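Values below: every heavy atom of this structure, side chains too, minus hydrogens, waters and symmetry copies. In this chain, residues are counted from 1 in sequence order. Since this is a predicted model, take the numbers as computed values, not measurements.
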Amino acid sequence: MAEILVLVDHVDGEVKKVTLELLTLAGRLGEPAAVWTGPGYEGAKERLAEYGAAKVYVAADEELDSYVVAPKAALLAQLVKDKSPAAVLVSATGEGKEVAGRLAVKTGSGVLTDVVDVTEGFVGEHSIFGGAIIAHAKVNTGTPIIAVRPNSVAPEASAATPVEERVSVTLSDADKAARIVEKVVQEKGERPDLTEAAIVVSGGRGVGGAENFSIIEGLADSLGAAVGASRAATDAGWYPHQFQVGQTGKTVSPQLYIAVGISGAIQHRAGMQTSKTIVAINKDPEAPIFELVDYGVVGDLFQVAPQLTEEITKRK
């Protein structure tokens with residue numbers, strides 16, 4: 001089978017869930033070949049093998065993590081030239097999309113971004129105009145470079161015994177133009193990462209204020225879920241902007257999405273409508289969010305959400 005390169009997203013050697021999704025997708029289309037950059041590989045190799053990496057290209061040079069984005073694009077460009085893969089898959093995160101763009105320029109290839117699925121022949125599926133239209137696109141020039149939206153594919157374990165190949169790349173002065181001078185580790189709570197969570201509970205304008213987000217957090221914690229917020233809530237200062245779900249925030253696609261006090265404006269829907277099951281709690285029966293949901297509760301969130309939290313807690 002044709003080899004498909006998958007750029008590994010990792011933090012301090014911990015493989016991010018989106019990489020497991022990309023390996024699963026690559027396994028459906030060809031032979032998954034993970035590309036690891038920087039230190040920490042020894043602690044992650046079993047995880048990559050568990051999700052089907054048939055091969056791992058390991059570029060363990062710490063210098064690759066000393067500069068912003070460009071070294072990863074340079075390494076991938078070299079592998080595209082030397083290995084002639086059928087395609088390259090990266091995550092459609094801020095960094096991943098920049099890597100994809102730089103790689104496309106370096107290799108003279110076409111690039112597809114914000115893809116939610118890839119079918120035979122490397123045809124990418126896009127959910128556009130707030131999900132109103134599904135579009136399909138295919139790269140006609142060079143090696144297809146595809147940035148896949150996190151949570152678009154359910155990761156499936158498929159044990160393999162990967163062949164490891166150590167690789168290196170010579171960085172140009174341009175690749176070293178932006179150096180990372182400091183890394184600040186954000187304190188991580190017990191809740192899962194918003195973009196990787198299986199369950200997300202989001203609050204909107206209907207929550208009424210920052211002090212009331214404790215209701216959203218309580219429901220989320222009872223489910224082991226991540227907390228999200230609409231743009232209206234974050235713009236009002238009720239919840240930090242890094243938790244905003246929507247077109248100008250983060251895109252999520254969990255197994256379960258609960259929208260509490262969110263009207264369902266197109267901007268918000270664009271960031272969560274690919275969720276597998278959607279539940280909404282809103283006192284307005286005409287709220288646009290009800291056009292999208294699998295289950296809708298018309299009621300006062302200040303009564304419904306605490307009752308739901310209490311019932312879930314009883315059943316644990």
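- For the residue pair Phe290 and Val298, the shortest heavy atom distance occurs at CZ-CG2, 3.9 Å.
- Note: the hydrophobic cluster containing Leu79 does not contain Val56 (ILVMFWY, side chain heavy atoms under 4.5 Å, direct or indirect links).
- Distance CD1/Ile281 to CD1/Ile258: 6.5 Å, rounded to 0.5 Å.
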Inset, instruction - Start with the C-alpha gap between Leu22 and Val148, add the side-chain angles, then the distance that decides, and say whether side-chain contact (heavy atoms from CB on, under 4.5 Å) holds. - result: CA-CA 8 Å; Leu22 295 179; Val148 181; 3.6 Å; yes
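- Between the side chain of Glu21 and the backbone N or O of Asn151, at least one donor-acceptor pair lies under 3.5 Å.
- Looking at heavy atoms from C-beta onward, Trp238 lies out of side-chain contact with Asn212 at the 4.5 angstrom threshold.
- Counting heavy atoms from C-beta outward, Tyr239 and Glu217 have side chains that approach closer than 4.5 Å.
- Of all heavy-atom pairs between Pro254 and Ser275, the closest is CD-OG, 3.1 Å.
- Counting heavy-atom neighbours within 6.0 Å of Lys138 NZ, excluding the residue itself, gives a total of 12 or less.
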Inset, instruction - Report the C-alpha separation of Glu165 and Lys55 in whole Å, then their side-chain angles, then the decisive distance to 0.1 Å, and conclude whether the salt bridge (Lys or Arg N to Asp or Glu O under 4.0 Å) test is met. - result: CA-CA 8 Å; Glu165 182 176 334; Lys55 193 166 189 177; 3.3 Å; yes
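- For the pair His10 (side chain) and Thr19 (backbone), a donor-acceptor distance under 3.5 Å is absent.
- Ion pair Lys97/Asp114 flagged as a salt bridge, since at least one NZ, NE, NH1 or NH2 atom sits closer than 4.0 Å to an Asp/Glu carboxylate oxygen.
- Using a 4.0 Å cut-off between a side-chain N of Lys or Arg and a carboxylate O of Asp or Glu, Arg28 and Glu156 qualify as a salt bridge.
- Within the 3.5 Å criterion, the main-chain N or O of Gly110 finds no donor-acceptor partner in the side chain of Thr141.
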Inset, instruction - Apply side-chain contact (heavy atoms from CB on, under 4.5 Å) to Val207 and Ile215, showing your working. - result: CA-CA 9 Å; Val207 175; Ile215 296 173; over 6 Å; no
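- Proximity of Val15 to Tyr51: side-chain heavy atoms (C-beta onward) are nowhere separated by under 4.5 Å.
- In this structure, Ser168 OG and Leu171 CG are separated by 9.5 Å, a value rounded to the nearest 0.5 Å.
- Annotation for Pro85 and Thr143: closest pair O-CG2, 3.7 Å, computed over non-hydrogen atoms.
- When each of Gln267, His241, His268 is paired with Thr248, the side-chain hydrogen bond (donor to acceptor under 3.5 Å, both in side chains) condition holds for Gln267 and for no other.
- Taken together through direct or relayed side-chain contacts under 4.5 Å among Ile, Leu, Val, Met, Phe, Trp and Tyr, Tyr67 and Leu76 form part of one hydrophobic cluster.
- Ser109 contributes no side-chain N or O that, together with a main-chain N or O of Gly142, makes up a donor-acceptor pair within less than 3.5 Å.
- Under the side-chain hydrogen bond (donor to acceptor under 3.5 Å, both in side chains) criterion, Ser202 pairs with Tyr257, sequence neighbours left out.
- Counting only distance, with no hydrogens or angles, the side chain of Asn282 and the backbone of Ile262 share a donor-acceptor pair below 3.5 Å.
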Inset, instruction - Please test Asp117 against Leu25 for side-chain contact (heavy atoms from CB on, under 4.5 Å), starting from the C-alpha separation and ending with a verdict. - result: CA-CA 8 Å; Asp117 195 13; Leu25 184 57; 4.1 Å; yes
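- Note that CD of Glu14 is 8.5 Å distant from CZ of Arg47, once rounded to the nearest 0.5 Å.
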Inset, instruction - Begin from the C-alpha positions of Leu75 and Leu7 and carry the test side-chain contact (heavy atoms from CB on, under 4.5 Å) through to its verdict. - result: CA-CA 10 Å; Leu75 174 63; Leu7 179 63; over 6 Å; no
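- Within a 6.0 Å sphere centred on NZ of Lys17, other residues, nucleotides and ligands contribute more than 12 heavy atoms.
- A pairwise comparison of heavy atoms in Gly264 and Pro288 identifies O-CB, 3.7 Å as the closest pair.
- Counted within 6.0 Å of CD on Glu211, heavy atoms from surrounding residues, nucleotides or ligands total more than 12; the atom is thus considered enclosed.
- Contact record, Ala226 with Pro192: CB-O, 3.5 Å, taken as the closest heavy-atom pair.
- Listed for the Lys250 side chain is a donor-acceptor partner under 3.5 Å among the backbone atoms of Gln242.
- Rounded to the nearest 0.5 Å, atoms OH (Tyr41) and CZ (Arg166) are 7.0 Å apart.
- Here the side chains of Val167 and Val58 are not in contact, with every heavy-atom distance at 4.5 Å or above.
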Inset, instruction - Please assess Asp175 against Lys106 for the test salt bridge (Lys or Arg N to Asp or Glu O under 4.0 Å), listing each intermediate value before the final yes or no. - result: CA-CA 12 Å; Asp175 294 330; Lys106 288 177 177 292; 3.8 Å; yes
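- With hydrogens and angles disregarded, a donor-acceptor distance shorter than 3.5 Å links the side chain of Asp294 to the backbone of Ile278.
- At a threshold of 4.5 Å between non-hydrogen side-chain atoms, the residues Thr251 and Thr195 do not count as touching.
- Judged by distance alone, the side chains of Gln78 and Tyr57 never bring a donor and an acceptor atom under 3.5 Å apart.
- Side-chain contact between Phe243 and Arg191: absent, with no pair of heavy atoms (C-beta onward) separated by less than 4.5 Å.
- Using a distance-only test at 3.5 Å, with no hydrogens or angles considered, a donor-acceptor pair links the side chain of Ser66 to the main chain of Glu62.
- For Lys45 and Glu164, the salt-bridge test passes: some basic side-chain N is under 4.0 Å from an acidic carboxylate O.
- Under the 4.5 Å side-chain heavy-atom criterion for Ile, Leu, Val, Met, Phe, Trp and Tyr, Val69 and Ile146 are members of distinct hydrophobic clusters.
- Atoms CG and CD, from Asp9 and Glu196 in turn, are 8.5 Å apart once rounded to the nearest 0.5 Å.
- In this structure, Glu31 contributes its side chain and Ala2 its backbone to no donor-acceptor pair below 3.5 Å.
- At least one side-chain heavy atom of Leu64 sits less than 4.5 Å from a side-chain heavy atom of Val169.
- Both Tyr295 and Val304 sit in one connected hydrophobic cluster of ILVMFWY residues. Membership requires side-chain heavy atoms under 4.5 Å apart, directly or through other members.
- At most 12 non-hydrogen atoms from other residues, nucleotides or ligands lie less than 6.0 angstrom from NZ of Lys81.
- Summarising the geometry of Lys83 relative to Glu3, their closest heavy-atom pair is CB-OE1, 3.8 Å, with the distance given to 0.1 Å.
- Cluster membership for Val123 and Val116, using ILVMFWY side-chain heavy atoms within less than 4.5 angstrom, is not shared.
- At a threshold of 4.5 Å between non-hydrogen side-chain atoms, the residues Phe122 and Leu29 count as touching.
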